[in-house]
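Structure first, commentary second.
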Amino acid sequence: MHLRLRAATSTANPFIPPAHLIHSIPQWFSILRHAIAASDLPLGKRAHARILTSGHHPDRFLTNNLITMYSKCGSLSSARKLFDTTPDTSRDLVTWNAILSAHADKARDGFHLFRLLRRSFVSATRHTLAPVFKMCLLSASPSAAESLHGYAVKIGLQWDVFVAGALVNIYAKFGRIREARVLFDGMGLRDVVLWNVMMKAYVDTGLEYEALLLFSEFNRTGLRPDDVTLCTLARVVKSKQNVLEWQLKQLKAYGTKLFMYDDDDDGSDVIAWNKTLSWFLQRGETWEAVDCFVDMINSRVACDGLTFVVMLSVVAGLNCLELGKQIHGIVVRSGLDQVVSVGNCLINMYVKTGSVSRARTVFWQMNEVDLVSWNTMISGCALSGLEECSVGMFVDLLRGGLLPDQFTVASVLRACSSLGGGCHLATQIHACAMKAGVVLDSFVSTTLIDVYSKSGKMEEAEFLFVNQDGFDLASWNAMMHGYIVSGDFPKALRLYILMQESGERANQITLANAAKAAGGLVGLKQGKQIQAVVVKRGFNLDLFVISGVLDMYLKCGEMESARRIFNEIPSPDDVAWTTMISGCVENGQEEHALFTYHHMRLSKVQPDEYTFATLVKACSLLTALEQGRQIHANTVKLNCAFDPFVMTSLVDMYAKCGNIEDARGLFKRTNTSRIASWNAMIVGLAQHGNAEEALQFFEEMKSRGVTPDRVTFIGVLSACSHSGLVSEAYENFYSMQKIYGIEPEIEHYSCLVDALSRAGRIREAEKVISSMPFEASASMYRTLLNACRVQVDRETGKRVAEKLLALEPSDSAAYVLLSNVYAAANQWENVASARNMMRKANVKKDPGFSWVDLKNKVHLFVAGDRSHEETDVIYNKVEYIMKRIREEGYLPDTDFALVDVEEEDKECSLYYHSEKLAIAYGLMKTPPSTTLRVIKNLRVCGDCHNAIKYISKVFEREVVLRDANRFHHFRSGVCSCGDYW
DNA sequence: ATAGGGTTAG
């Protein structure tokens, strides 16, 4: 696969898909357009050859495009050959325009073609004449100009502003200023260009006085002088010849502007300095540019507008506000701050250095603003998180009657994109863009694709994408990301592959997207290929890209490779660290996640709200309350405690750690319109055995108009099952489908089966399992098997165990439960045979262990453990505890001893179950009346459960024990589970 | 002088 892709990349024609995929002339057209835009002659030639072999007969339209392609790509002979072989009747205006413009520099051949045109039936336009004017100028032939003038009169183009302008220009160039003026005076409608041409003609012929007379006349028309006008005037001012004093006075109003347009090339100092400055800017040597500017000031050279344009760009790139403010001061002193382009640069500088308020002040203090000023403000607000402000200014601009351009539209759309909350506004701006005719602009359409796909309007986005005018990398990336956001990873990856196959070069963003798509698909194979490209292109130092690749490996469960990649990152940023941490959590390595966090703090990288949400989750999974509290403290310290994600995880963590009070307190401060907060609370309460409260929360949530989702029902149903509320479980199971339209998933069935099994309704539970549209899961059978043990139903137990073992042959719990079923029925031979089966299947019982978290140190115990440094004291304590509770009426329940030995020994082996050791140690090490929190990896054993009830009463301690299934909250001899688990 | 697309979480 990899080789094939590489081959495709190196040989495939850019923009040319395989021939069988090209169905229509417009597709060829678009390929030729690319060749023209890129001046790619080989591509154009290949396209031509392919058109000839594809069987598409090149029609007039295609031929015209081929001619244009050849002439624009610099192969005049091919263009001419194609033109000559085209019959005269097949030549239209476009054909002529194409061939003539190709010959603009070749006056001899060009005039010949022009003569042919005059004999044909095609009527020329101003576009046809443009190259011919150029030929006239080149050939310096006054007679050609006269004949061209005659032709223009003949076809009625004499008074066309463009044609007349060109003629005036030509006559002036040939020194025939009178003819030029006659033509000029005859024009009914004169635009700035025409005035410029005439004025320039006077200046060129040394008639500065006439030029200035004309300028006064120009001023009376109300037209505004443009750059060329000012440039021409600057030359007059400079020469000071043939000019009267009053005329120069009149020009004073334009003083500073004229100064900018002074393009005298006598090597004046400012120009040399400016050239040096731009040279540094272009090479990205920005601090050198600053040094150069300081030198310039020190040598007392008067800066001009361009100096400041360049320097302000430098400062904008340096993101250095203080320097910018100083230069602003110099600008004001020089009086150039009222030059629009300098003002625009000031706005841009303040925007880029993060001071939008200053940018706004400059904007409102400018006497004259143009569209660029508006655009800079609109995009500046959008990029500084002032989206409403950006949209507001866009509206102001429209109200002011200005027509937005592609910059305006792209910028304001950017604001909509970060504003989120649907695409209502974007749709309206889309309409504005159509009105302004800028939808096909690639920046505009890319932002539109981005906005639409982020608000789920994939059809709109796809429409814009498909109707784009050629290939644009950013819009492909935007589309890929759109698919990823909407969860359509296959489509995203397909886009990447399509790009590779058509020979387009991916960039960092493409590869980051592709890696994410591969991760979403758990496609390790594709992911590895993408990584190969990343490495080959040298992007493995780009933190964006490498974090994406890292995440891909983690999503595929490849911890080893992920760790290796992470270790190779020279200086990981917060995102890279968080990716690694969340990967550990996703792959069940929560301790390693906390360990990694420790390293992160040591490396001085600041964690963010993503990091904390993940870490809190890790603590929640570990039931590590103390660590969780510390992380909580860290979130407060680093200002992340109010992030909705972090808060929800904290609620979940406190609930799962059995600290319902804190969970409730935090929940009250979260945004209660978010379903996830409610779910955390309901699931937490359910797991805590507090079904009543869980159901209360559920009711309150519904009354507040929050719609429950699938997770909510998992919480509700598990609450019912933990508290033996079978009818409520049934009720909610049905209302989930009937009222909320949520199809029950295997988890929901699992809860229902759980509820029935715990209530001893084994038959019903079996019936539910067989009626499910899914295969039963192992955990369901496990629940059922446990019910069989409690009910001492050997027959069903055996049947269920077989099914369970068929599903998971090496599942130790199955054998243990099966042997427990027999043990409960006192059939020790069968217990032994179950153990034998287990040995044959090479299955070992998962060792049960319990741990207690004391003073930041985890103390872990397994049954009969003697490895703890204080073993002797602990065992004495256990003896003492057992003695005390026996006095209160505790009777060891030897059914739970899984070894076939004498009763007395069984009793002893029960004494040293891991949970009892952990509790004994906890009692020793904590002051009276502290709540003890113990965690067990398996389910708590029945005898221990009973013993802990007595312990809570005798020693007046609250004990919170979390086992693999739920919480047990022991207080005064009673457990919150009501002996029901 | 002004504009587009990207990594981590409940």
Side-chain angles (χ1 to χ4, degrees), chain A residues 305-306 308-310 312-313 316 339-349 351-352 370-380 382-383 405-414 417 438 441-451 453-454 472-482 484 507-516 519 542-552 554 573-583 585-586 607-617 620 640 643-653 670 674-677 679-680 683 711:
Chain A
L306 187 60
F308 292 119
V309 167
V310 174
L312 290 168
S313 316
V339 176
V340 182
S341 60
V342 176
N344 290 344
C345 289
L346 278 169
I347 297 175
N348 183 44
M349 181 273 294
V351 160
K352 294 282 152 68
D370 62 7
L371 193 54
V372 176
S373 328
W374 283 97
N375 290 346
T376 314
M377 280 310 295
I378 290 170
S379 84
L383 293 174
D405 66 359
Q406 63 272 36
F407 288 85
T408 331
V409 174
S411 306
V412 75
L413 278 172
R414 174 76 239 227
S417 170
V438 295
D441 178 84
S442 61
F443 280 77
V444 172
S445 55
T446 299
T447 325
L448 278 170
I449 290 169
D450 175 55
V451 179
S453 64
K454 273 183 188 149
D472 183 82
L473 185 54
S475 78
W476 279 64
N477 289 342
M479 197 65 229
M480 265 175 88
H481 190 242
I484 290 170
N507 68 359
Q508 291 98 312
I509 298 174
T510 324
L511 290 166
N513 276 327
K516 192 167 179 168
D542 182 311
L543 280 169
F544 266 112
V545 177
I546 204 66
S547 297
V549 172
L550 181 62
D551 189 53
M552 182 275 297
L554 290 163
D573 63 352
D574 52 345
V575 176
W577 281 103
T578 308
T579 308
M580 195 60 220
I581 292 172
S582 81
V585 177
E586 287 307 307
D608 66 358
E609 58 270 33
Y610 284 80
T611 326
F612 284 126
T614 311
L615 284 167
V616 173
K617 184 184 175 183
S620 165
C640 295
D643 180 80
F645 275 72
V646 174
M647 279 188 116
T648 309
S649 335
L650 281 168
V651 168
D652 170 74
M653 187 272 295
T670 59
R674 298 173 72 93
I675 183 72
S677 312
N679 286 350
V683 172
V711 180

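Letters A, B, ... are given to chains in the order of the sequence lines, protein chains preceding strands, and every chain is numbered from 1.
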What is the distance, to the nearest angstrom, from the [atom1] atom on [X] to the [atom2] atom on [N]?
X	N	atom1	atom2	answer
A:Asn507	B:dT7	CG	P	13 Å
A:Met349	B:dT2	CE	C1'	15 Å
A:Leu413	B:dG5	CG	P	10 Å
A:Leu312	B:dT2	CG	P	11 Å
A:Met479	B:dG6	CE	C1'	16 Å
A:Asp551	B:dG6	CG	C1'	13 Å
A:Asn477	B:dT7	CG	C1'	14 Å
A:Ile581	B:dT7	CD1	C1'	15 Å

Would you say [X] reaches [N]'s phosphate, i.e. side-chain N/O to OP1/OP2 under 4.0 Å?
X	N	result
A:Lys352	B:dA1	no
A:Lys516	B:dG5	no
A:His481	B:dG6	yes
A:Asn375	B:dA3	no

Candidates [options] - which lies nearest the side chain of [X]:
X	options	result
A:Ser313	B:dG5, B:dG10, B:dA1	B:dA1
A:Asn513	B:dA1, B:dG6, B:dT8	B:dG6
A:Glu586	B:dT2, B:dG10, B:dT7	B:dG10
A:Asn344	B:dA3, B:dA1, B:dG6	B:dA1
A:Val372	B:dA1, B:dA9, B:dA3	B:dA1
A:Asp450	B:dA3, B:dG5, B:dG10	B:dG5
A:Val545	B:dG6, B:dA1, B:dT8	B:dG6
A:Ala613	B:dA9, B:dG5, B:dA1	B:dA9
A:Phe544	B:dT2, B:dT7, B:dA3	B:dT7
A:Gln508	B:dA1, B:dT7, B:dG6	B:dG6

Determine the contact category for [X]: base if any of its heavy atoms lies under 4.0 Å from a base atom, sugar-phosphate if only primed atoms, P, OP1 or OP2 are that close, otherwise nothing.
X	answer
A:Arg414	sugar-phosphate
A:Asp652	nothing
A:Asn679	nothing
A:Thr446	base
A:Ala676	base
A:Asp542	base
A:Leu473	base

Under the ring pair (Phe, Tyr, Trp, His ring centres under 6.0 Å) test, residues paired with A:Trp476 that sit two or more places apart: A:Phe465, A:Phe471
Any residue meeting salt bridge (charged side-chain N to carboxylate O under 4.0 Å, His left out) with A:Lys617, in chain and number order, not counting sequence neighbours: A:Glu586
Audit row: A:Asp370, A:Ser373, side chain to side chain donor-acceptor pair (under 3.5 Å) steps and yes/no: CA-CA 5 Å; A:Asp370 62 7; A:Ser373 328; 2.8 Å; yes
Side-chain donor or acceptor of A:Ser620 paired with backbone N/O of A:Val616 under 3.5 Å: no
Any donor-acceptor pair under 3.5 Å from A:Ser582 side chain to A:Thr579 backbone: yes
side-chain contact (heavy atoms from CB on, under 4.5 Å) between A:Thr510 and A:Asn507, intermediate numbers included: CA-CA 5 Å; A:Thr510 324; A:Asn507 68 359; 2.7 Å; yes
Side-chain H-bond candidate by donor/acceptor type, A:Asn375 with A:Asp405, under 3.5 Å: yes
Centroid distance under 5.5 Å and plane angle under 30°, A:Tyr610 vs B:dA9: no
